[in-house]
Number of protein chains: 2
Amino acid sequence: MNKKKQQTEQTKKKIADAARALFTQKGYKATSIEDIVKATGCSAGNIYYHFKNKEGLFLYLLEEWNTEWDKTWLAKEMLYPTTIDKLYGMAEHLALDQLNHPLTKASDEFFNNSEKAPDVKERMNELVKGYLDFNRQLLQRGIDTNEFEIANISGLAIILDSLMLGLNKHSLRMEREEALEAYRLAMDVFLYGIAKPAR
Amino acid sequence: MNKKKQQTEQTKKKIADAARALFTQKGYKATSIEDIVKATGCSAGNIYYHFKNKEGLFLYLLEEWNTEWDKTWLAKEMLYPTTIDKLYGMAEHLALDQLNHPLTKASDEFFNNSEKAPDVKERMNELVKGYLDFNRQLLQRGIDTNEFEIANISGLAIILDSLMLGLNKHSLRMEREEALEAYRLAMDVFLYGIAKPAR
DNA sequence: TTTAACACTGAACTTTTATTCAGTATTATA
DNA sequence: TATAATACTGAATAAAAGTTCAGTGTTAAA
């Protein structure tokens with residue numbers, strides 16, 4: 001019962017790796033099963049043996065990416081004492097992570113496609129809710145530690161997510177150092193703004 | 001020679017309007033000619049009579065969108081005396097006019113997926129550069145009028161664009177008032193930040 | 001060794017897609 | 001009125017896409 005499980009894991013990973021690269025490069029819709037077949041060397045039927053369908057394959061990649069991000073962040077979070085430090089740390093983490101896994105381009109396309117089965121929509125909504133919850137918690141901690149003076153936590157969770165979302169797009173055209181700098185600057189602005197203090 | 005020209009203009013506009021809405025909502029690849037046929041009520045052949053092909057239709061929309069944005073903003077800009085006012089005005093304008101920024105989503109997809117002519121790519125790059133130039137000019141004015149104290153104008157132009165870009169994505173799931181509020185809040189943050197002043 | 005579960009193939013099937021074109025109706029021109 | 005140009009139809013075409021499934025070889029269980 002070992003060699004089979006091992007084989008399954010191996011090909012599932014092979015398919016996932018190829019699909020991730022292709023979705024990243026070409027986008028969701030423009031990546032065909034045939035593309036994945038060519039990239040992996042295995043048959044179309046085999047892909048459907050391991051994944052329910054194209055949508056399921058993509059959602060699998062998103063969720064995998066998500067849990068991976070959570071894991072690495074959890075290991076990093078301890079290093080930052082204050083919430084402000086955490087925000088800069090998160091920005092850096094995102095900047096670096098998204099250079100390696102820029103799946104967001106395809107997921108934007110995927111998300112904005114209206115006609116989806118309810119279970120697919122459910123999984124998508126859970127993903128977005130996860131991001132905002134994460135931000136809310138972070139901001140709440142900053143309030144608790146008296147670092148921020150904000151009332152509208154939910155609103156600012158969206159602002160923060162928007163900032164990171166948009167910045168990711170631009171970072172695709174940047175070098176590593178340039179992207180890091182941009183993310184740091186974004187956090188500067190998020191925390192301190194650009195207007196002159198004396199008003 | 002009048003009734004025909006008028007008719008052509010009318011149906012061309014009808015097709016463009018429907019296509020714009022669909023591309024915005026569903027993205028480039030996911031919008032089919034059949035979708036546009038259903039939305040307009042005219043035939044597929046008619047679309048190809050007025051536009052060279054799907055790509056040509058999309059490029060037409062991009063160009064039209066660009067000139068339209070410049071025109072409307074130029075008319076509005078006078079109303080806002082300070083640069084800070086201009087920024088809030090721009091945010092409101094973006095929040096309300098949902099035909100502007102949402103198209104960037106489709107154009108990103110279009111730009112990234114298209115393995116097509118380099119002159120098309122060049123035109124898309126010019127568009128992005130145009131936004132950042134616009135932001136840079138706005139920020140420069142704010143510095144000239146002593147409203148801001150920023151050094152890294154180019155960096156902040158990207159931050160501002162990122163904020164608007166990301167916020168637009170969230171605003172698709174919002175009601176009108178909710179979206180307006182979010183854009184206002186975004187500008188608050190951009191200008192004043194969220195950290196406590198006394199530090 | 002026999003049986004059953006599993007991993008996989010690849011061609012066939014069904015939809016969907018962009019695009020074309022022969023033909024029709026309407027309008028302008030001579 | 002006759003002719004040419006224009007605006008449009010809608011069915012046909014052909015390529016590409018996602019998905020399925022009967023069948024094949026391999027591994028685990030009895």
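Each chain gets a letter, A, B and so on, in the order its sequence line appears, and its residues count up from 1.
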Query raised in the report: Can you check whether W69(A) and Y131(A) have ring centres sitting under 6.0 Å from each other?
Result: no
Report task. Report the distance from atom CD1 of I36(A) to atom P of dC8(C), rounded to the nearest whole Å. Result -> 15 Å
Requested in this report: Check the distance between dA5(C)'s P and K5(A)'s NZ and give it to me in whole angstrom.
Outcome: 16 Å
Query - Interatomic distance where CD belongs to E9(B) and C1' belongs to dA7(D) [whole Å] - result: 14 Å
Mind listing the N/O atom pairs, protein and nucleotides 8-10 of chain D, below 3.5 Å?
from, atom 1, to, atom 2, distance (Å)
dC8(D), OP1, Q7(B), NE2, 2.9
dC8(D), OP2, T11(B), OG1, 3.0
dC8(D), OP2, H50(B), NE2, 2.5
dC8(D), O5', N46(B), ND2, 3.4
dT9(D), OP2, S43(B), N, 2.9
dT9(D), OP2, S43(B), OG, 2.9
dT9(D), OP2, N46(B), ND2, 3.3

Report summary line: Sorted by chain and number, sequence neighbours left out, salt bridge (Lys or Arg N to Asp or Glu O under 4.0 Å) with D35(B) holds for K26(B)
Query - Set of salt bridge (Lys or Arg N to Asp or Glu O under 4.0 Å) partners for E178(A), sequence neighbours left out - result: none
**Report entry** Pair of N/O donor and acceptor under 3.5 Å linking dT6(D) base with K4(B) side chain
**Finding:** yes
Query raised in the report: If the sugar-phosphate is the primed atoms plus P, OP1 and OP2 and the base is the rest, what is the B/S/- string for nucleotides 12-18 of chain C, using protein heavy atoms under 4.0 Å?
Result: -----SS
Query raised in the report: Atom CG of L57(B) and atom C1' of dT19(C): how far apart are they, to the nearest Å?
Result: 14 Å
Query - Set of residues satisfying side-chain hydrogen bond (donor to acceptor under 3.5 Å, both in side chains) with respect to T8(B), sequence neighbours excluded - result: none
Query raised in the report: Given R141(A) and E147(A), is the salt bridge (charged side-chain N to carboxylate O under 4.0 Å, His left out) satisfied, shown in steps?
Result: CA-CA 9 Å; R141(A) 220 173 303 156; E147(A) 293 175 81; over 6 Å; no
Requested in this report: Please say whether the positively charged group of K29(A), taken as NZ for Lys or CZ for Arg, lies over the ring of Y28(B), i.e. under 6.0 angstrom from the six-membered ring centre and within 45 degrees of the axis.
Outcome: no
Query raised in the report: Under 3.5 Å, is there a donor-acceptor pair between the D85(B) and T82(B) side chains?
Result: yes
Query raised in the report: Mind checking what makes salt bridge (Lys or Arg N to Asp or Glu O under 4.0 Å) contact with D70(A), not counting sequence neighbours?
Result: none
